[in-house]
Amino acid sequence: ISRALLTWAVAAALFAGLVLVAGWPLWLLGFSVAAVLAAVPLGVDRYRSLGHTFVDGYVVTGRGSLVRRRCAVVADGVIGWNLRSSYFQRRLGLVTLTATTAAGKQRYAVQDVAPDEAIRFADTTVPGLLAEFLV
């Protein structure tokens with residue numbers, strides 16, 4: 001929700017500045033306010049579509065709001081895991097776990113998970129792959 005609000009709030013401020021300084025049409029302010037208000041339900045919807053699981057030998061991930069994506073990858077095809085976090089994810093204590101494969105898109109992301117959950121999920125889906133890195 002904060003990502004959606006921040007993005008549209010910055011856009012609304014930019015449009016407000018352009019209306020006041022550059023004389024752009026006033027209706028842009030109305031559009032900006034509507035976009036900020038629409039960001040909340042879109043953020044909630046995006047949050048609801050996040051997910052991951054390991055079922056019957058498949059790593060399943062989900063994300064998106066207006067365009068939802070659900071990917072299922074055979075766990076035996078996962079050859080590595082990548083953990084990364086953006087500036088904002090670090091502030092919230094979240095990471096993105098990415099399964100690396102040799103097939104398909106070659107990477108499938110599990111977004112916005114706690115670091116402990118990411119490591120547990122990676123170790124569960126491909127046992128032994130992270131064993132030397134776990135304490």
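The CG atom of Asp76 sits 12.5 Å away from the OG1 atom of Thr101 when rounded to the nearest 0.5 Å. Taken from CZ in Phe15 to CG in Leu20, the straight-line distance is 13.5 Å, to the nearest 0.5 Å. Separating the CG atom in Leu50 from the OG1 atom in Thr61 is a distance of 10.0 Å, to the nearest 0.5 Å. To the nearest 0.5 Å, the span separating OG1 on Thr100 from CD on Gln106 amounts to 9.0 Å. If you take CG on Leu42 and CD1 on Ile1, they are separated by 10.5 Å, rounding to the nearest 0.5 Å. Separating the OG atom in Ser85 from the CG atom in Leu92 is a distance of 10.5 Å, to the nearest 0.5 Å.
Considering every non-hydrogen atom in both Ala75 and Thr125, the closest pair reads CB-O, 3.6 Å. Residues Leu129 and Gly80 share a closest heavy-atom pair of CD2-CA, 3.9 Å. In terms of heavy atoms, Leu29 sits closest to Ala16 at CD2-CA, 3.4 Å. Closest heavy-atom contact between Leu130 and Ile119: CD1-O, 4.3 Å. Across Ser49 and Ser65, no two heavy atoms sit closer than the pair OG-N, 4.4 Å. Closest non-hydrogen pair, Phe54 versus Phe121, comes out as N-CE1, 3.8 Å.
Linking Ile, Leu, Val, Met, Phe, Trp and Tyr residues whenever their side-chain heavy atoms come within less than 4.5 Å leaves Tyr58 and Tyr108 in two separate clusters. Clustering ILVMFWY residues whenever any of their side-chain heavy atoms sit less than 4.5 angstrom apart, transitively, puts Val126 in a cluster other than the one holding Ile79. The same ILVMFWY cluster, assembled from side-chain heavy atoms under 4.5 Å apart, contains both Val60 and Val74. Grouping the Ile, Leu, Val, Met, Phe, Trp and Tyr side chains by contacts below 4.5 angstrom, directly or via other members, places Val33 apart from Leu14. Hydrophobic clustering (ILVMFWY, side-chain heavy atoms < 4.5 Å, transitive): Leu26 and Trp24 are in one cluster.
Enclosure of atom CZ in Arg68 by more than 12 non-hydrogen atoms of other residues, nucleotides or ligands within 6.0 angstrom is indicated. Within a 6.0 Å sphere centred on CH2 of Trp8, other residues, nucleotides and ligands contribute 12 heavy atoms or fewer. In this structure, Arg107 places its CZ atom where only 12 or fewer heavy-atom neighbours from other residues, nucleotides or ligands lie under 6.0 Å away. Atom CZ of Arg84 is surrounded by 12 or fewer heavy atoms from other residues, nucleotides or ligands within 6.0 Å. Within 6.0 Å of OH on Tyr47 lie no more than 12 heavy atoms contributed by other residues, nucleotides or ligands.
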Between Val113 and Leu94, does the side chain to side chain contact (heavy atoms under 4.5 Å, CB included) criterion hold? Intermediate values first, please.
CA-CA 5 Å; Val113 293; Leu94 301 172; 5.9 Å; no
Between Asn82 and Leu97, is a side chain to side chain contact (heavy atoms under 4.5 Å, CB included) present by the stated rule, with each step listed?
CA-CA 6 Å; Asn82 293 311; Leu97 175 68; over 6 Å; no
Report the C-alpha separation of His52 and Glu117 in whole Å, then their side-chain angles, then the decisive distance to 0.1 Å, and conclude whether the side-chain hydrogen bond (donor to acceptor under 3.5 Å, both in side chains) test is met.
CA-CA 11 Å; His52 61 279; Glu117 168 62 14; 2.8 Å; yes
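Side-chain contact, Gln89 with Thr96: a donor N or O sits under 3.5 Å from an acceptor N or O.
Contact of the Thr98 side chain with the Val110 side chain is not registered, since no non-hydrogen atoms from C-beta on lie closer than 4.5 Å. In this structure, the side chains of Leu28 and Leu18 stay at 4.5 Å or more apart for every pair of heavy atoms.
Salt-bridge formation is not detected for the pair Arg63/Asp112: no Lys NZ or Arg NE/NH1/NH2 atom is positioned less than 4.0 Å from an Asp or Glu carboxylate oxygen.
Both the sub-6.0 Å distance and the 45° axial angle are satisfied by Arg91 relative to the ring of Tyr87.
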